[in-house]
Colleague: 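Have a look at the structure that comes next, please.
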Amino acid sequence: MALHPHVQYFYNEWLNKADSYVDKSLSGYFNKAFSLFTLYNKLYAEATFSLARAKIIKLNERQGFPDRKGATIFAPQYIGYENLERIFSEDECARCIDELAYFIETGRFYIKLSMLYGKRQQIKDKELAENLRSKTVEVKVNAVMDYIYTVRCNMFHGNKQFDEVQVDLLEPIIIILRKVIVELYDKLSDSEFEPRGKTFI
């Protein structure tokens, strides 16, 4: 199924917008991250609906759109875990993933924050770091996407402070997320590409 022209337009506009932030300032990193998150949101929604139309997943209208699953499970499923593993194994992404795990292991950043008070959830952080270093492809890929989605939520919901230290966290996330976005868009644009797998919700 061909992508609607508005998705192509949205992709080009928001990727160009993200790429336009070339300065290394705190606001530049935040603006780039917000732009990429906005674009990824659009694309993983498209992927989720495509999987539902293909009857690979089943969406429940009463439960609403499964946003976290869309970002962390369905988009990787659509792209293909082997494709993402290839991308994540490249030197630049591998370095970024190692940094993200190290940030948790050393206590430099708290990622899994409680919704109401923004307090660290140490057990969840530890599990996330372990999954980032997993040798099981699906576990590792889902952990990377969960990390990125969680940081996005922390930013959107005000649990991440606008502080210079955040640049260290946002830089590797931006590098990984941009590569995922390009890969996802390519798959969505390929009329001959057929997602695989069975997941029902």
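The figures here come from the full heavy-atom set of this structure, side chains too, leaving out hydrogens, waters and symmetry mates.
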Colleague: Are F30 and V151 connected, step by step, through hydrophobic side chains (Ile, Leu, Val, Met, Phe, Trp, Tyr) whose heavy atoms are closer than 4.5 Å?
Modeller: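 Yes, F30 and V151 fall within the same hydrophobic cluster.
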
Colleague: Please report the C-alpha distance between L170 and L26 in whole Å, then the side-chain angles of each, then the deciding distance to 0.1 Å, and finally whether the side chain to side chain contact (heavy atoms under 4.5 Å, CB included) criterion is met.
Modeller: CA-CA 9 Å; L170 292 179; L26 176 62; 5.5 Å; no

Colleague: Is the shortest side-chain N to carboxylate O distance from K112 to D146 below 4.0 Å?
Modeller: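 Yes, charged N to carboxylate O under 4.0 Å.
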
Colleague: Does atom NZ of K124 have more than 12 heavy-atom neighbours from other groups under 6.0 Å away?
Modeller: no

Colleague: Nearest 0.5 Å please: distance from the CD1 atom of I176 over to the CD atom of E171.
Modeller: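 That separation rounds to 11.0 Å.
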
Colleague: Do N12 side-chain atoms and Q8 backbone N/O form a donor-acceptor pair below 3.5 Å?
Modeller: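 Yes.
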
Colleague: Check whether S25 reaches the backbone of G28 with its side chain - one donor and one acceptor, N or O, closer than 3.5 Å.
Modeller: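 Looks like yes, one N/O pair under 3.5 Å.
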
Colleague: If you measure only the distance, is there a donor-acceptor pair under 3.5 Å linking the side chains of Y29 and D23?
Modeller: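 No - no donor-acceptor pair under 3.5 Å links their side chains.
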
Colleague: Do E99 and R95 sit within salt-bridge range, that is, some charged N less than 4.0 Å from a carboxylate O?
Modeller: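 Salt bridge flag = yes for R95 with E99.
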
Colleague: Would you find a donor on one side and an acceptor on the other, under 3.5 Å apart, between the side chain of Y11 and the backbone of L39?
Modeller: no

Colleague: Which of these, V182, L188, D190, sits in a side chain to side chain contact (heavy atoms under 4.5 Å, CB included) with D186?
Modeller: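 One option only clears the test, and that one is V182.
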
Colleague: Let's go through T48 and K69 carefully: what are the C-alpha distance in whole Å and the side-chain angles of both, what is the deciding distance for side chain to side chain contact (heavy atoms under 4.5 Å, CB included) to 0.1 Å, and is it a yes or a no?
Modeller: CA-CA 9 Å; T48 299; K69 283 186 176 181; over 6 Å; no

Colleague: Would you say that more than 12 heavy atoms from the other residues, nucleotides or ligands in this model lie under 6.0 Å from the CD of E90, or not?
Modeller: yes

Colleague: What residues, two or more places apart in sequence or in another chain, satisfy side chain to side chain contact (heavy atoms under 4.5 Å, CB included) together with E127?
Modeller: N131

Colleague: Can any side-chain N or O of K32 pair as donor or acceptor with the backbone N or O of A18 at less than 3.5 Å?
Modeller: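 Confirmed, K32 side chain pairs with A18 backbone.
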
Colleague: Between atom CG of N83 and atom CD1 of I79, what is the distance when rounded to the nearest 0.5 Å?
Modeller: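 Those atoms lie 8.0 Å apart.
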
Colleague: Counting neighbours of CG on D91 that are heavy atoms of other residues, nucleotides or ligands and sit closer than 6.0 Å, is the number greater than 12?
Modeller: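 At most 12 heavy atoms, drawn from other residues, nucleotides or ligands, come within 6.0 Å of this atom.
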
Colleague: Is there a side chain to side chain contact (heavy atoms under 4.5 Å, CB included) between Q121 and I111? Walk through the geometry before answering.
Modeller: CA-CA 8 Å; Q121 300 182 93; I111 305 303; over 6 Å; no

Colleague: Going by heavy atoms in the side chains, are V7 and E46 under 4.5 Å from each other?
Modeller: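 Contact flag for V7/E46 side chains = yes.
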
Colleague: Given 3.5 Å as the limit, does a donor-acceptor pair link the side chain of T72 with the main chain of N142, or not?
Modeller: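 Side chain of T72 to backbone of N142: no pair is present.
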
Colleague: Looking only at heavy atoms, what is the nearest atom pair of K179 and C93, with distance?
Modeller: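 Taking K179 first and C93 second, the nearest heavy atoms are CD-SG, 3.3 Å.
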
Colleague: Just by modelled atom types, is the A71 backbone N or O under 3.5 Å from a matching donor or acceptor in the Y40 side chain?
Modeller: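 Side chain of Y40 to backbone of A71: a pair is present.
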
Colleague: Classify the ring geometry between Y44 and Y149 as parallel (under 30°), tilted (30 to 60°) or perpendicular (over 60°).
Modeller: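 Aromatic pair Y44/Y149 classed perpendicular.
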
Colleague: Excluding sequence neighbours, so at least two apart, what forms side chain to side chain contact (heavy atoms under 4.5 Å, CB included) with A52?
Modeller: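 So A52 forms a side chain to side chain contact (heavy atoms under 4.5 Å, CB included) with I57, L59.
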
Colleague: To the nearest 0.5 Å, what is the distance between CD (E138) and CG (L84)?
Modeller: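 So the gap between those two atoms works out to 11.0 Å.
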
Colleague: Keeping D125 on the side-chain end and Y110 on the backbone end, is there a donor-acceptor pair under 3.5 Å?
Modeller: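 No; zero donor-acceptor contacts below 3.5 Å.
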
Colleague: Does N41 use its side chain to pair, donor to acceptor, with the backbone of F37 at less than 3.5 Å?
Modeller: no

Colleague: Are R86 and S89 close enough that a side-chain donor and a side-chain acceptor fall under 3.5 Å?
Modeller: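 Checked: R86/S89 side chains show no N/O donor-acceptor pair below 3.5 Å.
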
Colleague: So does F65 have more than 12 non-hydrogen atoms from other groups sitting under 6.0 Å from CZ?
Modeller: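 Yes - once you tally the heavy atoms of other residues, nucleotides and ligands closer than 6.0 Å, there are more than 12.
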
Colleague: May I ask you to decide if V137's main-chain N or O and E85's side chain share a donor-acceptor pair within less than 3.5 Å?
Modeller: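 Checking the backbone N and O of V137 against the side chain of E85, no donor-acceptor pair under 3.5 Å is found.
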
Colleague: Do L169 and V165 belong to the same hydrophobic cluster, where Ile, Leu, Val, Met, Phe, Trp and Tyr are linked whenever their side-chain heavy atoms lie under 4.5 Å apart, directly or via other members?
Modeller: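 Yes, L169 and V165 fall within the same hydrophobic cluster.
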
Colleague: Taking NZ, NE, NH1 and NH2 as the nitrogens, is one of them in K126 or E105 under 4.0 Å from a carboxylate oxygen of the other?
Modeller: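 Result for this pair is no, no salt bridge flagged.
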
Colleague: Examine L184 and L51 and state if one hydrophobic cluster contains both, with Ile, Leu, Val, Met, Phe, Trp and Tyr joined whenever side-chain heavy atoms are less than 4.5 Å apart.
Modeller: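 Looking at the clustering, L51 is in the same group as L184.
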
Colleague: Please check this pair: side chain of S134 against backbone of T136, looking for a donor-acceptor N/O pair closer than 3.5 Å.
Modeller: yes

Colleague: Do F34 and I148 belong to the same hydrophobic cluster, where Ile, Leu, Val, Met, Phe, Trp and Tyr are linked whenever their side-chain heavy atoms lie under 4.5 Å apart, directly or via other members?
Modeller: yes

Colleague: Do F74 and I56 come close enough that some side-chain heavy atom pair is under 4.5 Å?
Modeller: no

Colleague: So F109 and F103, would you call those rings parallel, tilted or perpendicular, with 30° and 60° as cut-offs?
Modeller: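 Judged by the thresholds at 30° and 60°, the geometry between F109 and F103 is perpendicular.
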
Colleague: Does M155 belong to the same Ile/Leu/Val/Met/Phe/Trp/Tyr cluster as I175, with side-chain heavy atoms less than 4.5 Å apart forming each link?
Modeller: no

Colleague: Minimum heavy-atom separation for L128 to I104, with atom names?
Modeller: CD2-CD1, 3.9 Å

Colleague: Passes side chain to side chain contact (heavy atoms under 4.5 Å, CB included), V180 versus M145? Steps please.
Modeller: CA-CA 9 Å; V180 172; M145 300 316 301; 4.0 Å; yes

Colleague: Do the non-hydrogen side-chain atoms of I73 and R68 ever get within less than 4.5 Å of each other?
Modeller: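 Heavy-atom side-chain distance check fails, nothing below 4.5 Å.
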
Colleague: Going from CD1 on I181 to OH on Y185, what distance comes out if it is rounded to the nearest 0.5 angstrom?
Modeller: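 The OH atom of Y185 is 12.5 Å from CD1 of I181, to the nearest 0.5 Å.
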
Colleague: Does the side chain of I87 reach to within under 4.5 Å of the side chain of E183, using non-hydrogen atoms?
Modeller: yes

